[in-house]
Amino acid sequence: MKNIMVDLETMGQGADAAIVAIGAVYFDEFETGKTFYRAVDLKSSVHSGGKIDPDTVLWWMMQSDEAREVFKEERCDIDEALDAFHDFVESGCKIWGNGSEFDNVILANAYKMNQRGLPWDFWNNRCYRTVKNLHKDVKMDRTGTH
């Protein structure tokens, strides 16, 4: 499998949003593969340059107790999470996010703010939202807590 879907949980919406969780799964046209998940210490994310947006904090406050559990999980520093994700990504993988300006951009910016190289080639950025809009028959299987 050479495709990875990324899903970030953040405390903002801009390219410099503070990351609180990184999730990912390998996939192809038939199935999903190995997964990745790290809850990130918010203080370390902010210390490295991540920004907190008040509207996003208010949005999180309105989410279910189950969704807010991400803030109670064992967390690691942002640099540890980025290094672990780097190890998870195999050479030549395409990185998919649900929006051309969100997951991939925020994650790439976190690597830059933490003075680390990207684990994927910039030309391998992909946008699931674009595919979804071009092919309305393609359905995304959501698992876990929304």
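FYI, the numbering just counts along the sequence from 1.
- Leu107 has its side chain within reach of Val6: a pair of non-hydrogen atoms, C-beta onward, lies under 4.5 Å apart.
- In this structure, Trp59 and Met62 have side chains that are not in contact, with every pair of non-hydrogen atoms separated by 4.5 Å or more.
- Residues Ile95 and Phe36 share a single hydrophobic cluster, defined by chaining ILVMFWY side chains whose heavy atoms lie under 4.5 Å apart.
- Phe27 and Val89 are members of different hydrophobic clusters when ILVMFWY side chains are connected at heavy-atom separations under 4.5 Å.
- Of all heavy-atom pairs between Arg38 and Ala84, the closest is NH2-CB, 3.6 Å.
- For Asp87, there are no side chain to side chain contact (heavy atoms under 4.5 Å, CB included) partners at least two apart in sequence or on another chain.
- In this structure, the separation between OG1 on Thr10 and CD1 on Ile22 is 11.5 Å, given to the nearest 0.5 Å.
- Sorted by first and then second residue, the salt bridge (Lys or Arg N to Asp or Glu O under 4.0 Å) pairs with a member in residues 18-37 read Lys34-Glu90; sequence neighbours excluded.
- Here the side chains of Ile4 and Val25 are not in contact, with every heavy-atom distance at 4.5 Å or above.
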Chi angles and distances behind the side chain to side chain contact (heavy atoms under 4.5 Å, CB included) call for Val20, Met11: CA-CA 7 Å; Val20 293; Met11 293 303 284; 3.7 Å; yes
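- A donor-acceptor pair under 3.5 Å links the side-chain atoms of Asp103 to the main chain of Asn98, judged by distance alone.
- Two different hydrophobic clusters hold Val105 and Ile52 under the rule that ILVMFWY side chains link at heavy-atom gaps under 4.5 Å.
- Between the side chain of Asp121 and the backbone N or O of Asn124, no donor-acceptor pair lies under 3.5 Å.
- If you look at Phe88 and Tyr26, their ring centroids are closer than 6.0 Å.
- For the atom pair CD1 (Ile78) and OG (Ser45), the distance works out to 4.5 Å, reported to the nearest 0.5 Å.
- Closest heavy-atom contact between Lys51 and Gly49: NZ-O, 3.4 Å.
- Atom SG in Cys93 sits 11.5 Å away from atom CZ in Arg126 (nearest 0.5 Å).
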Side chain to side chain contact (heavy atoms under 4.5 Å, CB included) assessment of Tyr128 paired with Met5: CA-CA 8 Å; Tyr128 174 73; Met5 179 67 75; 3.6 Å; yes
Asn104/Trp96 under side chain to side chain contact (heavy atoms under 4.5 Å, CB included): CA gap, chis, key distance, verdict: CA-CA 7 Å; Asn104 298 18; Trp96 292 78; 5.8 Å; no
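- Residues Glu9 and Trp60 have side chains in contact (heavy-atom distance under 4.5 Å, counting atoms from C-beta outward).
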Without placing hydrogens or testing angles, list every side-chain donor-acceptor pair under 3.5 Å for residues 69-76, not counting sequence neighbours.
| unit_1 | atom_1 | unit_2 | atom_2 | d |
| --- | --- | --- | --- | --- |
| Glu73 | OE1 | Tyr37 | OH | 2.6 |
| Arg75 | NH1 | Phe71 | O | 2.8 |
| Arg75 | NH1 | Glu73 | O | 3.3 |

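- Closest of all the heavy-atom pairs between Val46 and Ala18 is CG2-CB, 4.0 Å.
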Mind listing the side-chain donor-acceptor pairs of residues 108-120 below 3.5 Å, one per line with the distance, residues two or more places apart or on another chain?
| unit_1 | atom_1 | unit_2 | atom_2 | d |
| --- | --- | --- | --- | --- |
| Asn109 | ND2 | Ala15 | O | 3.0 |
| Tyr111 | OH | Leu82 | O | 2.7 |
| Tyr111 | OH | His86 | N | 3.4 |
| Asn114 | ND2 | Ser48 | OG | 3.4 |
| Asn114 | ND2 | Ala110 | O | 2.8 |
| Arg116 | NE | Asp83 | OD1 | 2.7 |
| Arg116 | NH1 | Asn114 | O | 2.8 |
| Arg116 | NH2 | Asp83 | OD2 | 3.4 |
| Trp120 | NE1 | Asn125 | OD1 | 3.0 |

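- Side chain of Asp77 to main chain of Glu80: no donor-acceptor pair is present (N/O by atom type, distance under 3.5 Å, no hydrogens or angles).
- Under a 4.5 Å side-chain heavy-atom criterion applied to ILVMFWY residues, the cluster that includes Phe122 comprises Trp123 as well.
- The salt bridge (Lys or Arg N to Asp or Glu O under 4.0 Å) check on Arg68 picks up Asp65, with sequence neighbours excluded.
- Closest heavy-atom contact between Ser44 and Val40: OG-CG1, 4.2 Å.
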